[in-house]
Amino acid sequence: MTPKTDKPYWWEAAEPQVADGGPLPEKADVVIVGGGYAGMGAAIPLARAGRDVIVLERDRPGDGASSRNGGLTSANIRWSYSKLKAKFGEDAAKAYYAEGVAARADLKDFVETEKLDCDLSMVGRFTGAMRPEILDSMKREAEIMQRELGIESTVIERKDQYDEIGSELYHGGIRRTDMGGLHPGKMHRELRRVAEESGTKIWGDTGVTNIAQVGTQFDITTPKGTVRANHVIVATNGYTDKGLPWLQKRLVPVISEMIATEPLSPNLMNTLMPRRQMHGETRQLGHYYRPSPDGTQILFGGRRYDDDMNAARERLRNNLTSIFPDLSDVGLSHHWFGFVAFPMDQLPKLTVHKGIIYATGFCGSGVVWARWMGQKAAYQILEREEAETAIGSQPFRAIPFYNGNPWFLPVMMNWYKIKDRFSGTLK
Ligand SMILES: Cc1cc2nc3c(=O)[nH]c(=O)nc-3n(C[C@H](O)[C@H](O)[C@H](O)COP(=O)(O)OP(=O)(O)OC[C@H]3O[C@@H](n4cnc5c(N)ncnc54)[C@H](O)[C@@H]3O)c2cc1C
């Protein structure tokens with residue numbers, strides 16, 4: 001079944017708009033490369049502190065992942081707390097998870113204080129266990145997180161899961177009430193509005209092709225001219241191109257894509273998604289899904305590793321109906337995709353290399369992390385105490401034998417598929 005459009009569902013209400021700042025200035029205090037959540041998150045505190053800040057964006061600001069995502073405000077960390085503790089030690093693991101809690105709270109606080117019109121709702125998230133033994137591991141992990149971090153969650157046994165989701169697929173799961181969802185397109189539109197109202201100037205259709213250090217300053221080159229700046233923040237994440245070779249060698253871009261069902265009846269929605277909350281799964285290549293903000297459609301996402309759009313859509317659709325067989329005859333209204341980015345250690349990054357600040361590597365969870373790290377990048381320039389980040393401070397290593405073309409991705413994805421099939425993977 002072909003969807004009506006390959007544009008994101010979110011663009012119906014908030015499609016990214018062009019930005020024509022006029023002739024490029026020769027100088028700026030701060031240049032931000034990339035106009036998504038991270039770029040806008042950096043611009044706002046800088047502009048509010050009176051800095052002369054400009055954003056240079058290759059397409060329309062927001063055209064990247066920031067207006068295409070699922071809108072789940074999870075601040076996910078790809079490692080479980082226990083695995084993080086084993087690898088980086090207890091203090092680091094605690095600090096990373098605490099930063100996730102702080103970043104989520106900061107986003108909520110910012111949306112409320114600034115009165116952003118972005119449909120943020122802390123409705124909770126249910127993560128379904130793919131096997132009974134996975135639920136046991138989830139219970140143990142939940143107990144440890146409660147005891148050591150004070151992070152609350154509720155274990156849902158299979159017999160009770162119909163209050164969470166109308167599906168037979170899962171063997172119970174965990175419900176978190178400190179997570180929710182927002183409208184990503186509206187969120188980006190609002191961040192851009194606040195950035196511009198604070199004095200940020202934005203140029204769309206202005207890709208950066210080179211950044212060169214000149215003494216203590218930088219020359220940032222674009223087809224429209226070169227800007228000399230005191231500081232540069234790079235916020236290009238999954239859309240990083242060859243204009244940024246140092247970063248390209250450190251980030252793996254991965255396609256994340258979504259479908260939206262046609263509107264469903266209130267009765268069906270009440271059965272399938274009784275709480276109208278956010279959803280995830282324990283599979284490594286698991287799906288994320290949610291109701292549309294008006295509660296009438298299901299938006300369903302997953303990862304892709306080849307170029308075949310049609311096959312990918314059918315795969316997503318089949319996976320949706322394996323969770324909700326009632327949807328087997330339902331049409332799709334939208335199908336779209338975007339790029340997310342993974343560093344080798346799968347932890348978000350705030351790194352300075354040769355004076356350039358990089359805020360990136362959000363591993364498909366940048367709705368919270370991208371604005372947070374962008375903001376931290378700004379705090380570094382403003383020399384504010386809050387610039388510190390525990391999770392973003394791990395070394396940002398180059399990936400061996402890699403230049404930005406992820407030739408190994410199909411092999412990795414196939415390995416994850418096998419793992420998912422045989423273990424139902426809990427990371
Ligand atoms: C389908 C999908 C679903 C997702 N679901 C979720 C979710 O539910 N929850 C969650 O937390 N996260 C989710 N994500 C991830 C999240 O959207 C991203 O992590 C986040 O938007 C990253 O923001 P960013 O500002 O770092 O990058 P982006 O928004 O991707 O912006 C980067 C920008 O840099 C620009 N750029 C690149 N190179 C240059 C250059 N040389 N010069 C100038 N500009 C350049 C690009 O054009 C782009 O606009 C999802 C992503 C996708 C694609």
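Counting starts at 1 for both ligands and their atoms, following the listed order.
With distances taken over non-hydrogen atoms, the option nearest atom 17 (O) of ligand 1 out of Asp241, Asn69, Val31 is Asn69. Distances from atom 28 (P) of ligand 1 to the heavy atoms of Gly280, Ala359, Ala65, Gly243 show the closest one on Ala65.
In this structure, Arg275 fails the cation-pi test against Phe126, since its NZ or CZ atom is not both closer than 6.0 Å to the six-membered ring centre and inside 45 degrees of the ring normal.
Ligand 1 has at least one atom lying under 4.0 Å from a heavy atom of Gly71. Ligand 1 lies less than 4.0 angstrom from a heavy atom belonging to Gly207. At least one heavy atom of Ala235 lies less than 4.0 angstrom from ligand 1.
For residues 175-197, the set of pairs meeting the ring pair (Phe, Tyr, Trp, His ring centres under 6.0 Å) definition, not counting sequence neighbours, comprises Trp10-His183.
Distance from atom 37 (C) of ligand 1 to its nearest protein heavy atom, with residue and atom name: Tyr239 O, 3.1 Å. Given atom 16 (C) of ligand 1, the protein heavy atom at minimum distance is Gly366 N, 3.8 Å. Of the protein's heavy atoms, Gly364 O, 3.1 Å lies nearest to atom 13 (C) of ligand 1.
Near Tyr37, meaning under 4.0 Å from any of its heavy atoms, are these atoms of ligand 1: 21 (O), 25 (O).
Only the backbone of Leu56 comes within 4.0 Å of ligand 1, judged by heavy-atom distances. Here Asn237 has side-chain heavy atoms under 4.0 Å from ligand 1, and that is the only part of it that gets that close.
Under the salt bridge (charged side-chain N to carboxylate O under 4.0 Å, His left out) criterion, Glu383 pairs with no residue, sequence neighbours left out.
The pair Arg371-Glu114 fails the salt-bridge criterion, with no side-chain N (NZ, NE, NH1 or NH2) lying under 4.0 Å from an Asp/Glu carboxylate O. Glu190 and Lys186 are not joined by a salt bridge, as no carboxylate oxygen comes within less than 4.0 angstrom of a charged side-chain nitrogen. Checked for salt-bridge contact, Lys27 and Asp52 miss the test: no charged N lies under 4.0 Å from a carboxylate O.
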Query raised in the report: When you look at Trp246 and Tyr358, which way does the ring-ring contact (aromatic ring centres under 6.0 Å, His included) test go after all the steps?
Result: CA-CA 10 Å; Trp246 185 84; Tyr358 295 87; 4.8 Å; yes
